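By convention in this document, chain letters (A, B, ...) are assigned in the order of the sequence lines, proteins followed by strands, and residues within each chain are numbered from 1. Just so it is clear, the model here is predicted, and its values are computed rather than measured.
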Amino acid sequence: MKNHYYVTTPIYYVNDKPHIGSAYTTIAADALARAHRLRGVPTFFLTGTDENSQKNLEAAEKAGATDLQTYLDFMAEIWKNTWRELGISYDDFIRTTEERHHKGVERFWRAVEKSGDIYKADYERDYCVGCEEFKTPSELMDGKCPLHPNRPLQKVKEENYFFRASAYKENLLQLFRDKPEFIQPVSRYNEIKSYVERAYEDFSISREAKKLACGIAVPGDESQRIYVWFDALINYMTAVGYGTDDELFKKWWPATLHLVGKDIIKFHCALWPAMIMSAAKSDALLQAADGSPLLPERVFAHGFFTIEGYKISKSLGNAVDPLELAKTFPFDAVRYFLLREIPFGEDGDFSLARLEDRYSSDLGNRLGNLVNRVIAMSAKYFDGKVPNVDAASASQAFADTEWTGASGLAALWQIIEDKIQAARLDHMLEAIWSAQGASLTTANKLVEQTQPFKLIKQDPEKTAAVLYALLEACRQFAWMVEPVMPHVAEGILIQLGQDAASERSKGLEVLKAWGGLKPGTELRPGTVLFPPLEKV
RNA sequence: CGCGGGAUAGAGCAGUUGGCAGCUCGCCAGGCCCAUAACCUGGAGGUCGCCGGUUCAAAUCCGGCUCCCGCAACCA
């Protein structure tokens, strides 16, 4: 595996502002990117917008925009701003109307063409005169348009370019056998594998330009435009220089992880690798040293969630605006909630009651309260400073409790590394909160079992050891949650008298080591990390 | 037989090498008082959808059934 981490989100349609669903994907990618950066892995995090879709044109007209490009520019800014406000640390934001994308798409198309995998054929579709639009088979009821059942559908034939995907059926199945981790979770693996086995056919990859007002022209044939999915997938390459900067491309490609919603897993797992296999035949830039195609390493499909039990839908008007949510909750709390509450890869439900529940219980009562009580006691009993004790002995002073000290935290770090590798941030967070040995739960128990608030009157030396252990644990907890809650982590570190930026530069291996908190460090107690919610 | 997912305590969920059924919230009782009315302990509450099979042992593997839910070529 290459020593880099290149993670992507889907590129989003800009026919509306971001809602909580697209924020979910982007937050997950952001947390994974932050986790890898913290580990010193060269990381590239890409998101962007899909601007060559007919849908955008319709949205622009509906919004009364003077022209399409103005509308696209306006919407792209809205998306960028939303991500900025939510603390999304993307390294690049690609728009598929950009010149660099067009150049890369052209190069890719030419490569596939040179490989002999593009051909022309007639393509027949159903056209409803009532709706004045083409209908897909899935939109039909009993072979008729559900809105105009008494008007017969017209069969409209059009000559399009096709991609000879079927030629790669065996290669795909081989890929699935050799690298089962390519498609995750496993439930999706089975779905895609059986789809390719039984129903894998060539894809139509262009439309007549006169019927499609937007999109990239087919190289060498101005009368046709490239079908939006064929161009969209290539964004993962054009953003890192394919078609414009070979050196940059070599640095980042292949992608480590494509994070997608379950609805578009098919395009990413069945179409995209076949496209690359074809293009790689004729473009050495897409070949590994042994000549094999450079395919993305992994595609992970997360589930969808409902809002209070209902599907996210515009007609219901229940699409939650993440920026609105950020006015009520610290956005770190929303990030925590989404990544913790919904099993990654499965469907879930977004409910305000559950969010409040997690906020006050997990964050306020366990994490926030632990930090607060431990720092308050230390400051009170030890002159506002980290107690002056030997770190090594402080880690082993509590053999009679559940708390396992330095070795327990080391074990917890190992779980965290495994979960990050598997992209299971929900499991990672669960472990930080309730793993046996060392976790937020056992740390709170340690306070009860040792009762430093009483112990201080009898045995100040042992109290110092207890509080040092708890303070040091808080420091490590801060770095554990940092990828998911960067602001919260910094808030904890500040109270512990740490400078987050200079600490970070030491590298995670140093930060993980027991004893990073120096005795005598000035504490800064007082800040409440998770203020109680106003009762409404 | 189109493909696939789910069914575990009042609610929401964990539980992928088969080994005494767990977590969070809520509820009841107690402890503590450092802390954000927070923390800790104990308790009540489950035929792990139904039927059958494999096994010393199945929520976990196999077969059948019931009920929900997605997807089914142009739709993040």
- Pick the P atom in B/rA11 and in B/rG26, then give their distance to the nearest Å. 16 Å

- Give the ring-plane orientation class for A/F329 versus A/Y359, where under 30° counts as parallel, over 60° as perpendicular and anything between as tilted. perpendicular

- Task: Tell me which of A/K266 and A/G364 sits closer to the 5' end of RNA chain B, going by the nucleotide each one is nearest to.
- Result: A/G364

- To the nearest angstrom, how far is A/F337 atom CZ from B/rC13 atom P? 10 Å

- Exceeds 12 heavy-atom contacts within 6.0 angstrom, atom CD of A/E98: yes

Contacts under 3.5 angstrom, residues 370-385 of chain A side chains, donor-acceptor by atom type, not counting sequence neighbours:
from   : atom 1 : to     : atom 2 : distance (Å)
A/R373 : NH1    : A/N444 : OD1    : 2.9
A/R373 : NH2    : A/E448 : OE2    : 2.8
A/S378 : OG     : A/V374 : O      : 2.8

- Task: Can you tell me the distance, in whole Å, between the CG atom of A/N372 and the C1' atom of B/rC33?
- Result: 14 Å

- Item | Atom C1', compared across B/rG4 and B/rC40: separation rounded to whole Å | 45 Å

- Task: Provide the distance between the two C1' atoms, one in B/rA9 and one in B/rC61, to the nearest whole Å.
- Result: 26 Å

- Query: Taking atom C1' in both B/rC3 and B/rA72, what distance in whole Å separates the two?
  - Reply: 7 Å

- Task: Check every atom of B/rC75, B/rU24, B/rC32 against the side chain of A/D362 and return the nucleotide holding the closest atom.
- Result: B/rU24

- Counting only heavy atoms not in A/Q458, do more than 12 fall under 6.0 Å of its CD? yes

- Ring centroid separation for A/W433 and A/Y336, is it under 6.0 angstrom? yes

- Taking atom P in both B/rC48 and B/rC33, what distance in whole Å separates the two? 43 Å

- Given the P atoms of B/rC23 and B/rU66, what is the spacing between them in whole Å? 36 Å

- Message: Considering every strand and a 4.0 Å limit on heavy-atom distances, what is the contact class for A/T9: base, sugar-phosphate, or nothing?
- Response: nothing

- Mind checking the P distance from B/rC25 to B/rU41? Whole angstroms is fine. 12 Å

- Separation of atom CG in A/D16 from atom P in B/rC75, rounded to whole Å: 17 Å

- CG of A/D459 to NZ of A/K454, rounded to nearest 0.5 Å, is 15.0 Å

- Length of the CG-C1' vector between A/L363 and B/rA35, whole Å: 16 Å

- Query: Hey, does the side chain of A/N52 reach the backbone of A/T96 with a donor-acceptor pair shorter than 3.5 angstrom?
  - Reply: yes

- Message: Categorize A/L529 for me: base, sugar-phosphate, or nothing, with a 4.0 angstrom heavy-atom threshold over every strand shown.
- Response: base

- Task: Send over the distance from A/E341 CD to B/rA14 P, rounded to a whole Å.
- Result: 10 Å

- Message: If we ignore hydrogens and angles and just use 3.5 Å, is the side chain of A/S439 paired with the main-chain N or O of A/Q436 as donor and acceptor?
- Response: no

- What pairs with A/Y119 under side-chain contact (heavy atoms from CB on, under 4.5 Å), at least two apart in sequence or on another chain? A/A121, A/F162, A/R164, A/D202

- Answer with base, sugar-phosphate or nothing: what part of the nucleic acid does A/G368 contact at a heavy-atom distance below 4.0 Å? base

- Query: Taking the nucleotide of RNA chain B with the closest heavy atom to each, which residue, A/Y381 or A/R358, is nearer the 5' end?
  - Reply: A/R358

- Under a cut-off of 3.5 Å for both distances of each Watson-Crick or G-U pair, what dot-bracket string does RNA chain B give, using [ ] for crossing pairs and | for inter-strand pairs? .((((((..((((.....[..)))).(((((.......))))).....(((((..]....))))))))))).....

- Nearest-Å distance for atom pair CZ/P, residues A/R354 and B/rA14: 11 Å

- Query: Taking only residues two or more places apart in sequence, or in another chain, which ones meet A/T47 in a side-chain contact (heavy atoms from CB on, under 4.5 Å)?
  - Reply: A/T9, A/Y12, A/W83, A/Y90, A/F93

- Task: With sequence neighbours excluded, tell me which residues meet salt bridge (charged side-chain N to carboxylate O under 4.0 Å, His left out) with A/D221.
- Result: A/K120

- Footprint string (nucleotides 39-46 of chain B, 5' to 3'): B base within contact, S backbone only, - free, heavy atoms under 4.0 Å: BSS-----

- Item | Whole-Å P distance, B/rA7 and B/rC62 | 15 Å

- Could you state the CD1-C1' distance from A/I264 to B/rC75, rounded to the nearest angstrom? 10 Å

- Looking across every strand, which nucleic acid part, if any, lies under 4.0 Å from A/F530 by heavy atom: base, sugar-phosphate, or nothing? base

- Calculate the interatomic distance between A/L355 atom CG and B/rG12 atom P; express it in whole Å. 17 Å

